[in-house]
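Below is one structure, written out as structure tokens; comments come after it.
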Amino acid sequence: MMNTTHAAMGVTLAAPLVAVAPELAPIAALAGFAGGVFPDFDMVVGEHRRTLHFPVYYSLAAVVAGAAVFVAPIPTSTGVAATFFLLSAALHSITDAAGGGLELRPWEPSDERGVYLHPAKRWVAPRRWIRWDGAPEDLLLAVVLSVPGLLLFDQRIRTLTVLGLGVSVVYTAFRKRLPEWDVPILR
Ligand SMILES: [Zn+2]
């Protein structure tokens with residue numbers, strides 16, 4: 001799944017806040033966007049889908065942060081931002097296993113590393129429901145998940161969402177050329 005799909009997913013996570021706590025919705029959406037992008041920095045520092053991808057630990061940390069927000073007398077924007085960042089990073093890590101493996105050309109499946117499961121010290125196999133990052137179904141998912149970012153939030157989030165969509169379209173168009181060009185692949 002593309003990094004931009006994960007980012008749009010993070011913004012979508014914050015959509016319910018528009019109804020229940022509108023003053024906290026923008027910070028939650030920005031944190032969700034950042035949390036969706038963040039895990040893929042392990043492309044540059046460490047081992048991809050292992051060093052900064054934590055399906056279990058981000059989820060646990062999100063539950064703790066969310067519980068702290070709930071028990072606090074007034075929900076702080078820092079607490080809400082931390083919760084949505086962690087939720088989005090958790091969802092990114094989990095949903096990477098729904099895509100392809102770490103092969104250079106995931107449309108020719110040959111790799112069985114979906115995401116690393118640290119507590120079990122093993123890799124989860126890729127399910128390939130989204131066959132590869134930048135596949136047509138990945139772009140479709142990115143478009144659908146961008147709807148809340150385009151319609152529900154303020155200008156900052158709308159701009160980020162439009163940028164994300166632009167990157168998604170270009171990435172999808174050129175995805176199969178990237179192995180030849182030796183471009184870093186975020187997914
Ligand atoms: Zn990833």
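Numbering of ligands and ligand atoms starts at 1, following listing order. This one's a predicted model, so the numbers in the text were calculated from it and none came from an experiment.
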| query | Which residues pass the ring pair (Phe, Tyr, Trp, His ring centres under 6.0 Å) test with His92, sequence neighbours left out? | reply | His6, His53
| said: Would you call the rings of Phe38 and Tyr58 parallel, tilted or perpendicular, taking 30° and 60° as the class edges? | reply: perpendicular
| Parallel, tilted or perpendicular, as decided by the 30° and 60° cut-offs, for the rings of His118 and Tyr116 | perpendicular
| Counting only N and O atoms by type, is there a donor-acceptor contact under 3.5 Å from the side chain of Thr76 to the main-chain atoms of Gly79? | yes
| query | Does a salt bridge link Asp42 with Arg49, judged by any charged N lying under 4.0 Å from a carboxylate O? | reply | no
| said: Keeping to distances under 2.8 Å, can you name the protein N/O/S atoms close to the Zn ion (ligand 1)? | reply: Asp40 OD1, His53 NE2, His92 NE2, Asp96 OD2, Arg187 O
| note | Smallest heavy-atom separation, Pro75 atom then Val80 atom, equals CB-CG2, 4.4 Å
